[in-house]
2 protein chains.
Amino acid sequence: MYLASLGKLALGSRLKALSDHFYGAADEVYRTLGAPIESRWLPVLRYLWDAGPSTVTDVANAIGQTHSAVSQLTDKLVRAGMVRRRRDPADGRRTVLALTDKARGALSTLGPIWCAVRRGVNASLDEHAAHLLDAIAACERALQDRPVAEAILAEHAAIKAAPLQIVPYAPALRGDFYRLNAQWLERHFQLEEIDRAVLSEPERHILQPGGAIFFARLGDEVIGTCALLQESPGIFELTKMGVDETFRGLGAGRRLLDACIAEFHRRDGRMLFLESNSRLQTALRMYQKAGFVMQPSVRPGSHYERADVYMIYQPQT
Amino acid sequence: MYLASLGKLALGSRLKALSDHFYGAADEVYRTLGAPIESRWLPVLRYLWDAGPSTVTDVANAIGQTHSAVSQLTDKLVRAGMVRRRRDPADGRRTVLALTDKARGALSTLGPIWCAVRRGVNASLDEHAAHLLDAIAACERALQDRPVAEAILAEHAAIKAAPLQIVPYAPALRGDFYRLNAQWLERHFQLEEIDRAVLSEPERHILQPGGAIFFARLGDEVIGTCALLQESPGIFELTKMGVDETFRGLGAGRRLLDACIAEFHRRDGRMLFLESNSRLQTALRMYQKAGFVMQPSVRPGSHYERADVYMIYQPQT
DNA sequence: TTAAAATATGTAAGCGCTAACGTATTCTGG
DNA sequence: CCAGAATACGTTAGCGCTTACATATTTTAA
């Protein structure tokens, strides 16, 4: 959950754990079955098996590692008696790695074990693993096409350059009102029939009973909205606040909230309340900072299923 | 390619690289924009921001790391002046971590940058990242349900217990003949009309002209096949060899090959050849070991599009 | 009350990998 | 022919994380 703050960035450890899990399982199997092999060795051993004696760099390129990694792995393999190091007589810079007879013997008895590993992994993971591989490959390709840092800096420049404005309702914004509210409703709850009706016809359900709707614009983009609904004369509800997920953190929510509160005062409202849900912690903190106070119980006769929080605007004067 | 030998196990490094890429990009952005922050700090800082002063273990649980990792991260954060360590007066074992004013200041100016990071990452990766997350979650769940090592050992026991037999053609095996050949054809090439015809009616195209078909059975499962086709009197072609991908390494291919060669001798054949493709290195090595010799050019008048290898059986007597 | 068990944290060592460097050796162009 | 560039490879230090261990402190149970 808190990892989400980093967006997609916190994958590293999860994936390392995942792959360590696999390696660990394979090693456990090799140990149990008495195969004198470790799973981390396999890429190197397998390449030498297929390609015959090879230089460090050849192996490194083939298995997608740096020459250093191969060199260090080779240390272990030599220590385990699986690989022999030799100078290349034709080129004194090169080291030729070759399997020992011991390694050849070990590998040649490994067929059934590999087969079992393959089938066991498949049985456990089925298509999941395939999806994972596809997804990784897709990400790698996308990153090659375009460096992320560049994309981020471009976004930042665009955000900084665009002014953040609060504007009142206009018919052209009806679609935005729906979109911005549907986004968080669908993420956290269910979009119900009543929601669809109110969001589709804000004029009828909000403006006409004496309410107001504001929008936050960043440059040309409409990134947030908030509504003030007159429940009965002088009694207002703050509702339908939504900020585009990708544009949070710019202060648009607070600006919208302030606009609604100002409008409430302009209309000489006597009471302003809101209903929300305890899952929306960030929003609740913002309401609190703006002067809303948490009430001990939910609002009597609330017409929201999802409301378990009731707050009333009580600014300290 | 050689990683494939490990099946799905070689993900670790790729994913670490992928996530390092993200961290690196984010850090580059923070540096460029002058934010005194590193991306690895964020989970901790963000949690302290949201939850207030907390103990090491609380933070560790919240961000999904070990207490050691948090402790070490805290060292850095203290050195950077972002976090304060205090003993918990109520419980002398605990250390309470709290943000410094400096950290609070830094974090509060970070909104637009985070927003840009989110949008930049989204722009670069779009749904790829979402798929990746889904796939990881699916794998994690699958692993929880069933330990891999156990599944592998079960497979191994099953494989070891079952006898590997070579059996001649029987009508009930027609479907297996198709399946086993279609598998590798579709993976490496294209399944063409002519293939479909031959594979669907082996009696007509292979047996009736004086050929033979063998199957490898492991217990109840049919895991491989190979055919001997009489091209003209005394001239035989070894063809349609296929072993189920998940059952390779058990020696089924070699056993099938030997069966076909024995059959060739039993029929007093004068010549035995095969056509194949240089992509199928493993198969080619097996043919070589069995006595087939690579010819310098492709077979004249070959009826295979995909054949770029021509081998003739020439056992050293 | 007090010994044993549990909890909270820091520290050390290690993993697999990388980047940076150093040292050979070979290639290249004048 | 020979100086500089390029190549091959081992070594070192470091990353972020883990496990194993050491040291406090608190809780539990007899």
Side-chain angles (χ1 to χ4, degrees), chain A residues 3 6 9-24 26-27 38-44 53-80 83-97, chain B residues 3 6 9-24 26-27 38-44 53-80 83-97:
Chain A
L3 297 183
L6 252 184
L9 307 185
L11 306 175
S13 24
R14 279 172 79 189
L15 288 173
K16 181 154 184 314
L18 205 69
S19 105
D20 283 352
H21 195 117
F22 284 121
Y23 279 119
D27 282 332
E38 289 184 24
S39 52
R40 309 261 179 190
W41 301 352
L42 280 176
V44 171
S54 313
T55 67
V56 172
T57 307
D58 284 347
V59 175
N61 289 337
I63 68 175
Q65 302 272 9
T66 59
H67 78 269
S68 296
V70 173
S71 179
Q72 289 167 140
L73 238 181
T74 303
D75 290 344
K76 289 179 206 166
L77 288 168
V78 168
R79 227 173 297 134
V83 162
R84 222 182 23 249
R85 264 194 175 109
R86 256 179 314 165
R87 287 273 110 196
D88 182 343
D91 184 338
R93 294 169 300 180
R94 288 203 252 259
T95 303
V96 177
L97 308 180
Chain B
L3 298 184
L6 251 184
L9 307 186
L11 306 175
S13 26
R14 280 171 78 189
L15 288 174
K16 181 154 186 313
L18 205 69
S19 103
D20 283 351
H21 196 116
F22 285 121
Y23 280 119
D27 282 332
E38 290 186 22
S39 52
R40 308 264 179 186
W41 300 353
L42 279 177
V44 171
S54 313
T55 68
V56 171
T57 308
D58 284 347
V59 175
N61 290 337
I63 69 176
Q65 302 273 9
T66 60
H67 79 269
S68 294
V70 172
S71 180
Q72 288 166 129
L73 239 182
T74 302
D75 291 343
K76 288 180 208 166
L77 287 167
V78 169
R79 225 174 298 135
V83 163
R84 224 180 23 248
R85 263 195 175 109
R86 256 180 312 166
R87 282 281 105 196
D88 182 343
D91 183 339
R93 293 168 301 181
R94 288 203 252 259
T95 303
V96 176
L97 308 180

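Naming convention: chains lettered A, B, ... in sequence-line order (proteins, then strands); numbering from 1 in each chain.
For the side-chain contact (heavy atoms from CB on, under 4.5 Å) test, residues two or more places apart in sequence or in another chain that qualify with B/T95 are B/V56, B/R85, B/R87, B/L97. For the salt bridge (Lys or Arg N to Asp or Glu O under 4.0 Å) test, residues two or more places apart in sequence or in another chain that qualify with B/R93 are B/D91. Every residue meeting the side-chain contact (heavy atoms from CB on, under 4.5 Å) condition with A/S68, not counting sequence neighbours, appears here in chain and number order: A/T66. Partners of A/D88 according to the salt bridge (Lys or Arg N to Asp or Glu O under 4.0 Å) rule, which considers only residues two or more places apart in sequence or in another chain, are A/R94. Residues satisfying the side-chain contact (heavy atoms from CB on, under 4.5 Å) criterion with B/S54, sequence neighbours excluded, are B/Y47, B/L48, B/A51, B/D58, B/V59.
Rounded to an integer number of Å, the gap from B/L73 CG to D/dG16 C1' is 9 Å. Rounding to whole angstrom units, CG of residue A/L77 and C1' of D/dC9 are separated by 16 Å. Atom pair B/D88:CG and D/dT25:P shows a separation of 13 Å (rounding to whole Å applied). To the nearest angstrom, P of D/dG10 lies 15 Å from NZ of A/K76.
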Each nucleotide of nucleotides 7-14 of chain C classed B (base within 4.0 Å of a protein heavy atom), S (only sugar-phosphate) or -, in 5' to 3' order, makes BSBBB-B-

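Of the candidates B/D75, B/L73, B/T74, B/V83 forms a side chain to side chain contact (heavy atoms under 4.5 Å, CB included) with just one, namely B/T74.
The side chain of B/Q65 contributes an N or O atom lying less than 4.0 Å from OP1 or OP2 of D/dT18.
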